[in-house]
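Comments concern the structure below.
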Amino acid sequence: MIIILVQSIAVFAQKEDEQPKVEKEVKELIRSGNELYEQQNYVEAEANYKKALEQNPNYEKASYNLGNAIYQQNKYKEALPMYELVSKTAKDKLTKAESFHNIGNALLKEKQYAQAIEAYKNALRNNSKDDETRYNLALAQKLLKNEQNQKEDDNENKDKDKKQNDKNEDKDKENKDNKDENDKNKDKDKDNKGDNKDDKKDDNKDQNKDKNQDQGDNDKDEKQPKPNPSQLSPQQVKQLLEAMNNEENKTQKKINAKKSKGKKVKQEKDW
């Protein structure tokens with residue numbers, strides 16, 4: 001028992017001796033990190049703060065300064081967890097206010113304006129006299145309003161573009177319908193023209209046919225042989241001579257009869 005008691009006292013004494021040494025190393029790492037931060041060597045500063053947190057994970061200053069070093073490298077999303085941890089674990093309001101302020105800055109960089117506004121309000125709840133936080137809050141509110149107005153304008157322009165596109169589509173459709181109707185009328189005119197041409201052609205053909213037929217009849221008439229005395233038979237010639245003699249005798253008798261009455265008469269021919 002005495003031996004165990006002696007060993008326990010030795011271990012406790014050793015831990016008490018190591019604790020100031022660890023705390024000293026943590027402070028040295030944070031101090032070195034701060035110097036690198038001031039030199040804008042944010043990467044090395046980040047490394048020192050992380051080493052300090054490995055020695056003491058609950059060291060609020062190390063977490064807060066680590067968030068700042070990451071923020072300065074434009075890695076805003078990675079910085080947020082550090083600030084959020086401090087805002088939850090910090091005992092004094094000033095530290096909480098600074099943590100919420102930096103949360104608002106990181107969210108503002110990410111264009112998450114509504115969340116940034118809420119963070120700045122939390123900062124002011126813990127420190128209402130911080131004018132810088134109040135200014136950033138007004139800036140975030142203005143940016144959020146501009147974003148909302150821009151969305152409204154975009155939606156309005158989108159609706160206008162849609163209406164214009166619909167109008168253009170209707171106009172194109174109307175033009176297409178008119179074109180189809182014109183093409184249809186052209187085809188109809190073409191058909192009518194072809195029919196008229198065929199009718200005219202048929203009429204001309206009929207007229208030419210009639211003309212040719214009339215011409216043919218005339219030609220036929222012209223070519224129709226006329227009686228020729230030389231083609232009469234001897235019997236017909238004899239009959240014709242006898243008829244002529246008979247007529248001549250009748251005429252001579254009439255003339256003689258009129259002469260006996262003492263009147264002149266005009267000689268008439270029966271043939």
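Predicted, not measured: the structure shown is a model, and the values here were computed from it.
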Test Asn126 against Leu94 for side-chain contact (heavy atoms from CB on, under 4.5 Å), laying out the working first. CA-CA 7 Å; Asn126 288 278; Leu94 184 60; over 6 Å; no
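- Tyr71 and Phe100 fall within a single hydrophobic cluster, where Ile, Leu, Val, Met, Phe, Trp and Tyr are joined by side-chain heavy atoms under 4.5 Å apart, directly or via other members.
- Screening residues 96-120 for salt bridge (charged side-chain N to carboxylate O under 4.0 Å, His left out) gives Glu118-Arg125 as the qualifying pairs, with residues at least two apart or on separate chains.
- Asn122 CG to Thr133 OG1: the interatomic distance, rounded to the nearest 0.5 Å, is 11.0 Å.
- One hydrophobic cluster, built from ILVMFWY side chains closer than 4.5 Å, cannot hold both Leu53 and Leu36; they sit in different ones.
- Within the structure, no pair that satisfies the salt bridge (charged side-chain N to carboxylate O under 4.0 Å, His left out) test touches residues 51-65, not counting sequence neighbours.
- Salt bridge status for Glu35 with Arg31: absent, with no side-chain N to carboxylate O gap under 4.0 Å.
- Heavy-atom minimum distance, Ile103 versus Ser87: CD1-OG, 4.2 Å.
- With respect to the salt-bridge test (charged N to carboxylate O, under 4.0 angstrom), the residues Lys160 and Glu156 qualify.
- Taking 4.5 Å as the limit, some side-chain heavy atom of Leu137 sits within range of a side-chain heavy atom of Leu124.
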Val86 and Thr95: CA distance, side-chain angles, deciding distance, side-chain contact (heavy atoms from CB on, under 4.5 Å) verdict: CA-CA 8 Å; Val86 175; Thr95 303; 3.7 Å; yes
List the steps, then state whether salt bridge (Lys or Arg N to Asp or Glu O under 4.0 Å) holds for Lys27 with Glu23. CA-CA 6 Å; Lys27 289 182 178 180; Glu23 186 175 349; 3.5 Å; yes
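- Distance check, rounded to the nearest 0.5 Å: CD of Glu84 to OG of Ser99 gives 10.0 Å.
- For Ile70 against Ala79, the heavy-atom pair with the smallest separation is CG2-N, 3.7 Å.
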Apply side-chain hydrogen bond (donor to acceptor under 3.5 Å, both in side chains) to the pair Gln164 and Asn168, showing each step before the final yes or no. CA-CA 6 Å; Gln164 185 63 36; Asn168 292 336; 3.2 Å; yes
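- Hydrophobic clustering (ILVMFWY, side-chain heavy atoms < 4.5 Å, transitive): Met82 and Ile30 are in one cluster.
- Lys77 NZ to Gln112 CD: the interatomic distance, rounded to the nearest 0.5 Å, is 7.0 Å.
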Does the pair Val43 and Gln73 meet the rule for a side-chain contact (heavy atoms from CB on, under 4.5 Å), with working shown? CA-CA 8 Å; Val43 176; Gln73 297 175 61; 3.6 Å; yes
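- Within the model, atoms CD of Gln55 and NZ of Lys24 stand 14.0 Å from one another, a figure rounded to the nearest 0.5 Å.
- At a threshold of 4.5 Å between non-hydrogen side-chain atoms, the residues Asn178 and Glu174 count as touching.
- Across all non-hydrogen atoms, the minimal contact from Asn105 to Tyr120 is OD1-OH, 2.6 Å.
- Taking every heavy atom of both residues into account, Asp130 and Glu132 meet most closely at OD1-N, 3.1 Å.
- Between Ala62 and Tyr49, the shortest heavy-atom contact is O-CB, 4.0 Å.
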Do Arg134 and Asp131 pass the salt bridge (Lys or Arg N to Asp or Glu O under 4.0 Å) test, and can you show the C-alpha distance, the side-chain angles, and the key distance before you say yes or no? CA-CA 5 Å; Arg134 188 173 289 104; Asp131 291 335; 2.9 Å; yes
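- A donor-acceptor pair shorter than 3.5 Å cannot be found between the side chains of Asn48 and Tyr37.
- Put simply, CD1 on Ile117 and CG on Leu139 are 9.5 Å apart, with the number rounded to the nearest 0.5 Å.
- A salt bridge does not link Lys163 with Asp166: none of the charged nitrogens is closer than 4.0 Å to a carboxylate oxygen.
- Atom NZ of Lys75 has more than 12 heavy atoms from other residues, nucleotides or ligands within 6.0 Å.
- For the residue pair Asp154 / Gln150, a side-chain donor-acceptor distance below 3.5 Å is found, with atom types taken as modelled.
- Between Leu80 atom CG and Leu85 atom CG the span is 12.5 Å, to the nearest 0.5 Å.
- Side chain of Tyr83 to main chain of Asn68: a donor-acceptor pair is present (N/O by atom type, distance under 3.5 Å, no hydrogens or angles).
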Give the C-alpha distance, both sets of side-chain angles, the deciding distance and a yes or no for side-chain contact (heavy atoms from CB on, under 4.5 Å) between Lys167 and Asp170. CA-CA 5 Å; Lys167 185 176 181 181; Asp170 292 340; 5.5 Å; no
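- Taking all atoms of both residues into account, the shortest heavy-atom contact from Ala116 to Leu108 is CB-N, 3.9 Å.
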